[in-house]
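Here is the structure we will look at, set down as structure tokens.
Side chains are part of it too, since the values below use all heavy atoms of this structure and drop only hydrogens, waters and symmetry mates.
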Amino acid sequence: MQEINFSTQDILQKEFKEKRMGSAYDPTDVDSFLDLVIKDYETFNREVSQLRAENEQLSGKVDDLTRQVSAARQSTPSAPETVSQANNSVTNMDILKRLSNLERHVFGSQLDNGTNSASQQTGFDTPSHSGWSN
């Protein structure tokens, strides 16, 4: 940023020299002061224009990023649903494994011999008859 010549307080407190005759101000003194004030205003206007352009550019980037985030959220399922589905599939698989191990423990010797007496006694099919594989 270019250096600013005057603050608002400087402008308010500026006193111009009087001419020798009367109470009129020296026109060259007033003109030189106003030239400096004009330079300050030009500097402020340039800076405001640059900041507005930068603000518009950054606002555009924010809008683009907001759209990208929205699109990404819509294209991927939410994390809790994904975790829940994964837990359900693991839980179901664990249950099947445990059931298979339990049947093997209860009916193990009969399954190895290939006899059918356990299913006749309990009324339940053994895993080999139910279509489940170990």
| Nearest-0.5 Å distance, CD of residue E56 to CZ of residue R52 | 9.0 Å
| note | dist I38:CD1 -> N45:CG (nearest 0.5 Å) comes out at 11.5 Å
Just list the side-chain donor-acceptor pairs under 3.5 Å for residues 57-71, sequence neighbours left out, or say none.
from: S59; atom 1: OG; to: N55; atom 2: O; distance (Å): 2.9
from: D64; atom 1: OD1; to: R67; atom 2: NH1; distance (Å): 2.8
from: T66; atom 1: OG1; to: V62; atom 2: O; distance (Å): 2.7
from: S70; atom 1: OG; to: T66; atom 2: O; distance (Å): 3.1

| field | Partners passing side-chain hydrogen bond (donor to acceptor under 3.5 Å, both in side chains) against S49 (at least two apart in sequence or in another chain) | value | none
| query | Who passes side-chain contact (heavy atoms from CB on, under 4.5 Å) against V37, sequence neighbours left out? | reply | F6, I11, F33, Y41
| Does NZ in K14 sit with more than 12 non-hydrogen atoms of other residues, nucleotides or ligands closer than 6.0 Å? | yes
| remark: CE (M93) and CZ (R98) are apart, to the nearest 0.5 Å, by 13.0 Å
| note | Interatomic distance, CG@D10 vs CG@D40, rounded to 0.5 Å, equals 9.5 Å
| Got a sec, which residues hit side-chain hydrogen bond (donor to acceptor under 3.5 Å, both in side chains) with N101, two or more places apart in sequence or on another chain? | R104
